[in-house]
**Q** 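I have a structure I would like to understand better, so I am pasting it below and will then ask my questions one at a time.
These numbers come from a predicted model, not from an experiment. Every chain is numbered from 1, with letters handed out A, B, ... down the list of sequences.
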Protein chains: 2
Amino acid sequence: MWRYSEGLPVDERFAVSFEEGFTPLLPVDIDGREVLVKQEQLFTTGSYKDRGASVLISKARELGIEEVVEDSSGNAGAAIAAYCAKAGIVCRVFVPEETSPGKLAQIAFYGAKLVKVPGGREAVASAALKAAEDVYYASHSWNPFFFHGTKTIAFEIAEQLGWRAPDTVILPVGNGTLLLGAYIGFTELMKAGMIGAVPKLVGVQAAACAPLAEGFSAGGGEAARIFPEKTMAEGIAIAKPVRGGQILAAVRKTGGGFITVTDGETEAALILAGRRGYYIEPTSGAALAGVMEYLRTARPDEGIVTVFSGHGLKATEKMAAVLEEPG
Amino acid sequence: MWRYSEGLPVDERFAVSFEEGFTPLLPVDIDGREVLVKQEQLFTTGSYKDRGASVLISKARELGIEEVVEDSSGNAGAAIAAYCAKAGIVCRVFVPEETSPGKLAQIAFYGAKLVKVPGGREAVASAALKAAEDVYYASHSWNPFFFHGTKTIAFEIAEQLGWRAPDTVILPVGNGTLLLGAYIGFTELMKAGMIGAVPKLVGVQAAACAPLAEGFSAGGGEAARIFPEKTMAEGIAIAKPVRGGQILAAVRKTGGGFITVTDGETEAALILAGRRGYYIEPTSGAALAGVMEYLRTARPDEGIVTVFSGHGLKATEKMAAVLEEPG
């Protein structure tokens, strides 16, 4: 993805890279219709978060930073930790106390220092913010350089389509790291005259935790206040997205919208993906369930792109549980 | 990897592909020395076995085969199942009764029918062989088309080095699917005049299960009869490799040899890889431990290539256990 380095706000000499990016854009048959799916599960840490981590940690290296903090028990934590390992930057990752050892193993193997915080996701974020008073905050939701990494997905999609934008891009949305990245990337391409228009961006959230979808349908400028319930789509279960207003504005500007899906629909989508040869994590299943919903009213000639955002191997326990259920 | 289709024994029109291959060849610092590591953990199912499965299942499709059987509870089973899903071929995978549900989840998601067989690995192989009397045997160890898939790693390494062969290639060896593939690939390149010589091939086995290493040092033409012990490097824990004689002959012909490593050395290598930003499965750790051993007596200017054969996310439980050990 560093082929686009002239579009990245980092001096390429400081690039921290595993030669990532340019993931395949493959046609997948969904209910008799072909949708193009970007294979973002194929990054070295198993999710698209590597795009953001690569640019963010490269910037940290350029700035001469020797230590960073991040808060995430999931894909972002693993990505930041891996790129810090490559860069030789000390990394502390704040995680909820109750996170399973399996999930932490990947982050720990990359040599990051795990700081377990009691009291839930928000206590973890506060602890990280406090630590960030002294140390660089390599946050995947706050730090703008992360989004200048995820924007490369737009460059790649356009290039893979012969420097055209698709009509519609459907993405899973929690903190909006992928959706805002795509919005920035397509907007830059349009301003450079390389594509005619920014595609319609459609966000998918889990019905159990859908502050953006609810805020959008209420017509307001901010995410709704919600009482989240549990969902298997952990990667997008963000009750208070820090860039909620920005996400709603981006979606509105492209004429897009939001779709919510139940865990039952997510499970059905995971099984459909598997039967096509793709083993993806529940959050990706939610996005695919959103695509299936969207297709019911899509124009016959609408060119639709979506993503598999993370690998099924990231969520072995949950995946096994799906198969063990009756029916 | 289908860029090399003229070198593959399948009509390209029948290719079953996820646009796999051309994995990065990255320099990794090992004890102050740079070794080039092929990132074979980045295939869609998480291991290099996709190379073999792609060619084998494409051939099955060309032949009009509608159902296959395979026996493997690990990476080969997942790869065959995924490519069968893509091809619309019915797939039955025979596995040991005691295989953990997590390991089976990936294979099951791809829609393969799991047949649990009591009585250990050899009973499983017998059951698969019996089933293969009626159905195509898509075996990663017997079927020659699998090796014509894995040989593409040699084409890619040579191309990535500017159509040169490295001096030495160090690979994990169980049934030899990767080593024999590399041997075939480099030999074809040499015969075509594209490289000067086949590199020295060095196989790595776990000390607890090293029939090839023992057969090699005994100077015979076959794998030694051994009493295997348990090892964390499951992917190469093959007590009776079906192509033992072929593997020994290939290694001898290239002036290569074998290295055995303990689980302790494998664990140390896994941790070293993690600290460099690579999360790899124990079998890959064993190969890396072999590289570390090899480097002690390597020539200063020797160009060495190795592989990370499978993703750490494939072995979450074992990886977590490594970190939980005292020290």
**Q** Just how far is it from atom NZ of A/Lys86 to atom CG of B/Asp29, taken to the nearest 0.5 Å?
**A** 10.0 Å
**Q** Out of curiosity, B/Phe109 CZ to A/Ile280 CD1, how far, rounded to the nearest 0.5 Å?
**A** 9.0 Å
**Q** Over all heavy atoms of both residues, which pair between A/Thr44 and B/Leu42 is shortest? Give the atoms and the distance, please.
**A** CA-CD2, 3.5 Å
**Q** Is chain A contacted by the side chain of B/Leu26, its backbone, both, or neither, given a heavy-atom distance below 4.5 Å?
**A** side chain
**Q** What about the rings of A/Tyr278 and B/Phe18, do their centers lie closer together than 6.0 Å?
**A** yes
**Q** Can you name the closest pair of heavy atoms from B/Leu313 and A/Thr45 and give their distance?
**A** CD1-O, 4.1 Å
**Q** Against chain A, label B/Val28 side chain, backbone, both or neither, depending on which of its atoms sit under 4.5 Å from a heavy atom there.
**A** neither
**Q** So, taking the atom named CD in B/Glu20 and the one named CD in A/Gln39, what distance separates them when rounded to the nearest 0.5 Å?
**A** 11.0 Å
**Q** What are the two closest non-hydrogen atoms of A/Ala320 and B/Pro101, and how far apart are they?
**A** CB-O, 4.3 Å
**Q** Tell me the closest heavy-atom pair linking A/Ala85 and B/Gly274, and the distance in Å.
**A** CB-O, 3.8 Å
**Q** Hey, is CD on A/Glu317 packed in by over 12 heavy atoms from elsewhere, all under 6.0 Å?
**A** no
**Q** Could you state the interatomic distance from CG (B/Leu323) to CG (A/Leu104), rounded to the nearest 0.5 Å?
**A** 9.5 Å
**Q** With a cut-off of 6.0 Å (strictly less than), are more than 12 heavy atoms of other residues, nucleotides or ligands near NZ of A/Lys116?
**A** no
**Q** Which atoms of B/Gln41 come close to chain A, meaning under 4.5 Å heavy atom to heavy atom: side chain ones, backbone ones, both, or neither?
**A** side chain
**Q** Can you tell me which portion of B/Arg275 sits under 4.5 Å from chain A's heavy atoms? Options are side chain, backbone, both or neither.
**A** both
**Q** Using 0.5 Å steps for rounding, measure from the CD atom of A/Glu19 to the CD atom of B/Gln160.
**A** 7.5 Å
**Q** Side chain, backbone, both or neither: which part of B/Ser17 has a non-hydrogen atom closer than 4.5 Å to chain A?
**A** neither
